[in-house]
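Here the structure comes first, spelled out in structure tokens, and everything after it is commentary.
Naming: A, B, ... by sequence-line order, numbering from 1 per chain.
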Number of protein chains: 2
Amino acid sequence: MAATLRDVAREAQVSTATVSRVINGHGNVTNATRARILGIVERLNYVPDSAARSLSTGLTNTIGVLLPDLHGEFFSEIIRGIDQAARRRGLHLLLSGVHGSAAEAALAIRALKGRVDGLLIMSPYADSEFLADHSAGDTPAVLINSPVRGHSHSSLCVDNRGGAGAMVEHLASVGHRRIAFVAGPKDNFDATERLAGYCEAVARLGPGVREFVVPGDFSEASGYRAAQRLMTLDERPDAVFAANDMTALGCLLAFKEAGVSVPGDVALAGFDDIPLARFVAPALTTVRVPMAELGARALDGVADAVGAPGATPSSTEIVATELVVRASSGARARMTA
Amino acid sequence: MAATLRDVAREAQVSTATVSRVINGHGNVTNATRARILGIVERLNYVPDSAARSLSTGLTNTIGVLLPDLHGEFFSEIIRGIDQAARRRGLHLLLSGVHGSAAEAALAIRALKGRVDGLLIMSPYADSEFLADHSAGDTPAVLINSPVRGHSHSSLCVDNRGGAGAMVEHLASVGHRRIAFVAGPKDNFDATERLAGYCEAVARLGPGVREFVVPGDFSEASGYRAAQRLMTLDERPDAVFAANDMTALGCLLAFKEAGVSVPGDVALAGFDDIPLARFVAPALTTVRVPMAELGARALDGVADAVGAPGATPSSTEIVATELVVRASSGARARMTA
DNA sequence: ATCGCTAGTGTAAGCGGTTGCATGAGGGGG
DNA sequence: CCCCCTCATGCAACCGCTTACACTAGCGAT
């Protein structure tokens, strides 16, 4: 139905090679010929078929993006960053929400073969070994927040540890001593790093501050449960640091329902700085993760690797976080008190 | 580098046709042969090249998704719904954040030629005419919330009108009479439909309730300004219905700053039920738009159209909304008073 | 006039699959 | 024992585009 290169060529009385040259802006075509061809392209409403082009050139101009889950603003922001960077470079994005299991992730990766020039992977299962097995190995990839620092692939990590440490120090600096931590999933890299940062900072701060960790799984519900549990304690914490903002919001909800004042009775802090954090009452003190930037940098990394294979083989970049102090940590209250 | 069909065929001493049959599960292959081939496939780590397959079959197993902007939870939710539905069907998603202009949107659409089997479009520029011009015309497409009811394409619309009407009735039922509406962008389809729903309901409710509309543009800032303006009025409204939640949040902020109590002095309602709505204080009464479901149904629509070309040519489905009553509309306050 | 260049164009061989048709080998019924 | 049918497999022609290479014509230099 749709017009093909040959149709254009026939119509213009030239060979397909010439049409191809015109389409791709390669030189060595008379202006007259070029104009004639362009006219016909226009008339026939010809659009090159990308599948054919990909097959022929081996390039797809597409980057595959694997994300663990499309839930929440966190990913929405990352995707936005990725999309912007991709647009800037004229690349397409093949999105894949993943993945109950490593097997599923592997499947997703193979399914991408021939569809993408590079991979952007954010998945708990994606370590280098995994990639070596399943990615053709030739496909450039950048990992976001993955446990393994690149053997053959470069990776981009958020400074979870540093951010968590900074938060603990902030909470301590405004007078809190019993700082509880609501952890994330045990098998999640970010979560364990944040926990580690918390533990290190607590240890650093010395005997006055004690380590206390409750389980959680990054979900709002788990935060809610954690907060309820914390409230039953004999020695209630005077600050709760949740492994991410959603968890913190769950805590907030539980505290509100229980009539516990934040930050009056207990300070609260999260991690991520999702847009929501600004809006809740009290506004949530948190650690900002530059999500859009993270996505954009990752995409740029993949794109560069696609463009210059072999170069910059396996860097590991750390993306800095930023402490964002708002009302929920009680900073102002303490200071004005 | 990577193994091809031919490599497998050579190794297995069969023709490519046979290997192809095995790969695609077509019948008429001896178990012995099949096993041998599968073994070699495994050993060579062969993965079929999708570009080649697409070229050959004309199918990509991919749906192109055009969204106006990847900002905020609204789209994040839609994408999630789309992704889930796509996964369920084994389809890939080619995502394209769009678009300053109709021209850009058009460009994006053509760039998708040969990459996708169908299109999922949510864009202010996407009316039927636009599609007819730019989509090859043969590509099935589903429009989300687009002004034009499908000539050649089917569309999926949120019941903005009904939802807005229900909200007005709710506000009236809890005793409010002077119900102001903060409108959205004049050229936005959702916005105008919501306005229409508001007007209809007001008219329906008779003389006691009067129509009063202030301009806005869906942004938080515009809500803030609108609320400020409403507060200067001689006859202040006792309820403010904002065209979307972000606008309502802007209003809330302005009211708070002005010391106007919500819902004590004025009731407030929004539209969308973004996750944030639950968290603000007072929690926002709003109209829930099932965003994930919207995305999922749209995807299903495209997929069906791809599967059965010609069938179900141009339906227009309406997705129902749901009134979500929370504290901000003062329902409980009135009822217990 | 002859030669060598260059610029413009055509020829055709892929890229890696899919698939209609042909082929050949068994197998059962008459 | 022959015929026909079925099943497993091979052959080869695409799908639409890119591109190395071949070719021709024109032109300046010798």
What residues form a side-chain contact (heavy atoms from CB on, under 4.5 Å) with B:I144, not counting sequence neighbours?
B:L120, B:M122, B:L294, B:A298

List for me each residue that meets side chain to side chain donor-acceptor pair (under 3.5 Å) alongside B:D190, sequence neighbours excluded, and say none if there are none.
B:N145, B:N160

Give me the residues of residues 28-37 of chain B where at least one heavy atom lies under 4.0 Å from an atom of DNA chain C, by number, or none.
none

Rounded to whole angstrom units, what separation is found between the CG atom of A:L59 and the P atom of D:dG16?
21 Å

Can you name the residues that form a side-chain contact (heavy atoms from CB on, under 4.5 Å) with B:P185, not counting sequence neighbours?
B:D187, B:N188, B:A191, B:D217, B:F218

Could you encode protein contacts along nucleotides 11-16 of chain C as a string, one character per nucleotide from 5' to 3', using B for base contact, S for sugar-phosphate-only contact and - for no contact, with a heavy-atom cut-off of under 4.0 Å?
BB-BBB

I'd like to check the side chain to side chain donor-acceptor pair (under 3.5 Å) partners of A:Q84; sequence neighbours left out, ordered by chain and number.
none

Once you round it to whole Å, what is the distance between C1' of D:dT9 and CD1 of B:I23?
16 Å

Between NE2 of A:H26 and P of D:dA20 the distance, given in whole Å, is 9 Å

Can a side-chain donor-acceptor contact be found between A:S96 and B:R87 if the only test is distance below 3.5 angstrom?
no

Without decimals, in angstroms, what is the distance between B:K113 NZ and D:dG16 C1'?
9 Å

Between CG of A:L44 and P of D:dG16 the distance, given in whole Å, is 14 Å

Collect all protein-nucleotide pairs involving nucleotides 25-28 of chain D in which both atoms are nitrogen or oxygen and the distance is under 3.5 Å.
none

Nearest 0.5 Å, please: how far is CD1 in A:I121 from OG in A:S155?
11.5 Å

A:A52: side-chain contact (heavy atoms from CB on, under 4.5 Å) partners, not counting sequence neighbours
A:D49, B:L55

Quick one: side chain to side chain donor-acceptor pair (under 3.5 Å) partners of A:S50, sequence neighbours excluded?
none

Could you check whether B:V14 gets within reach of a base, just the sugar-phosphate, or nothing at all, counting any heavy atom under 4.0 Å?
sugar-phosphate

Residues forming a side-chain contact (heavy atoms from CB on, under 4.5 Å) with A:A86, sequence neighbours excluded:
A:L91, A:L93, A:L299

Identify every side-chain donor-acceptor pair in residues 23-41 of chain A under 3.5 Å, counting partners at least two apart or on other chains, and give the distances.
| residue | atom | partner | partner atom | Å |
| --- | --- | --- | --- | --- |
| A:N24 | ND2 | A:S20 | O | 2.8 |
| A:N24 | ND2 | A:S20 | OG | 3.3 |
| A:R34 | NH2 | A:V29 | O | 3.3 |
| A:R36 | NH1 | A:A12 | O | 2.2 |

For A:N61, give me all partners under side chain to side chain donor-acceptor pair (under 3.5 Å), at least two apart in sequence or on another chain.
none

